[in-house]
Amino acid sequence: MTGKLFGTTGVRKLYGEGFTLDMALDLGKAVGTYLREGTILLARDARTTGKMVADSLCAGIVSTGVNVKRAGVIPTPTLAFLAKKLGLSAGIMVTASHNPPEYTGVKFWSGDSMGFTPDMEAEIERIYESKEFKVADWSSLGDISRIDNGAEIHIEELLKQCDVKKIRSKQYHVIVDPGNGAACVLTPYLMRELGCKVITINGQLDGHFPGRRSEPEEETLGDLIKLVKDTAANLGIAHDGDSDRVVFVTEKGEVVRGDRTIALFARNALGISRSKKIITTVDSSKVLDEVVSEVGGSTERTPVGDIQVAVKIKETDAVLGGEACGVFIFPEFHLAPEPFLAACKILEMMAESDRSFGDLISEIPIYPLKKTKLAVPNDKKATVMNALTESLPKALGDVKEVLTVDGLGISLTQGWVLVRPSGTEPVIRITCEAPTVEIVEDILERAKKEVESIIGDS
Ligand code: MG
């Protein structure tokens, strides 16, 4: 993690408190100063603050002499893909991802479709803090242009990545829930191109997120689950606000965790791939490692965040990467999350095997996983985590290994615990996994008690 401005992925703050328009203007100047020249693709999700924040960023960027191409409301992966496809210097997305509607933020992407690394973010933050911005004079300001068919270009390229004819022949019935987010402009149309009968819920762009919370998980997807079952659909697809995440629902209404879906993709990909490496984050299930090793591959873990995964994919020449929360990266296409290609690949697997998604995923085992979060002020997180590194392994006992790649990971004789401070919210998250529900509940209870006691003492 870098300084005060950037969190796990880019900048994400409460509008009006942590993030103001002045900040957006200076951030635009900072990134323009950092790049010095070229063109930045600028887009946003559907948040009420989005256009205003994008306007301020745009003004800041062109004041440094760097050009801006504005893409309006498109998904984050579309922005990253287009920046690469169009050969631009960088992409900037105005979004607070899956956070509640009152949040806003900015994500940065390089011209090679990979997110800015922590080092690049640190350099932008340094320029931002120093206020030593490049100032272009009146005759050398950056140009502002527009691109209005970003989603169409992305769809066209996605269709080249899968067996469209095969998928079309099946005439699948798909329910899409973009959660009023940026995927409204892409997923339903992509599914239509694949010959699916599509029903969309929460399908209008709306920054108030009236339909459901933006984070796609079992608790927020009740309407989607019900509709999939009621209409006997083949697949449910749900996204977060900026649509870099996707969660799939089986024909039986089961919400499938991302790490299991990665395992399914891995099993398919590893057979035909030169690389045998799969990248995932510290919070993924051990099931993924087991499935990957069964088919002759190996997994490597990174800190949480899709950029960390992408960096490691590039470094190790991995075939695939992703996160349990619903991030899938297919490096042969590009290095940003690809929720849309993930959807295409699931339909392709279904079509090729002539089996349902529920049937395919049932071959990937489930280990019970429990999560909780505890409120901790941001300025106390470091003290609490330091104290826990000492105390939590002792409190839990039976420790096999302690990992500090990201947060505090404790591998036990049966199961594991991960305690990590959120990069975006004032909370510490605890995740546990174990072979049975009884064991996982016991581990979570004991871990929670210890974390609560340390928070109380700090
Ligand atoms: Mg997101």
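Note: hydrogens, waters and symmetry copies are ignored here, and every other heavy atom, side chains too, is used. Each ligand, and each atom within it, is numbered from 1 in the order the structure gives. Quick caveat: nothing in here was measured; it's all calculated off a predicted structure.
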What pairs meet the ring-ring contact (aromatic ring centres under 6.0 Å, His included) rule with one or both residues in residues 172-205, with sequence neighbours excluded?
-> none

For the Mg ion (ligand 1): the N/O/S atom of Asp244 at shortest distance | OD1

Checking distances from the Mg ion (ligand 1), one finds that the N, O or S atom of Asp242 closest to it is OD1

Using only heavy-atom distances, determine whether the side chains of Asp22 and Thr20 contain a donor-acceptor pair under 3.5 Å.
-> no

How wide is the angle at the Mg ion (ligand 1) between OD2 of Asp240 and OG of Ser97, to the nearest 10°?
-> 100°

Between the Mg ion (ligand 1) and Thr76, is there an N, O or S atom separated by less than 2.8 Å?
-> no

For the residue pair Phe357 and Phe248, categorise the inter-ring angle as parallel (less than 30°), tilted (30 to 60°) or perpendicular (more than 60°).
-> perpendicular

Lys345 NZ/CZ over Phe330 ring centroid, <6.0 Å and within 45° of normal = yes

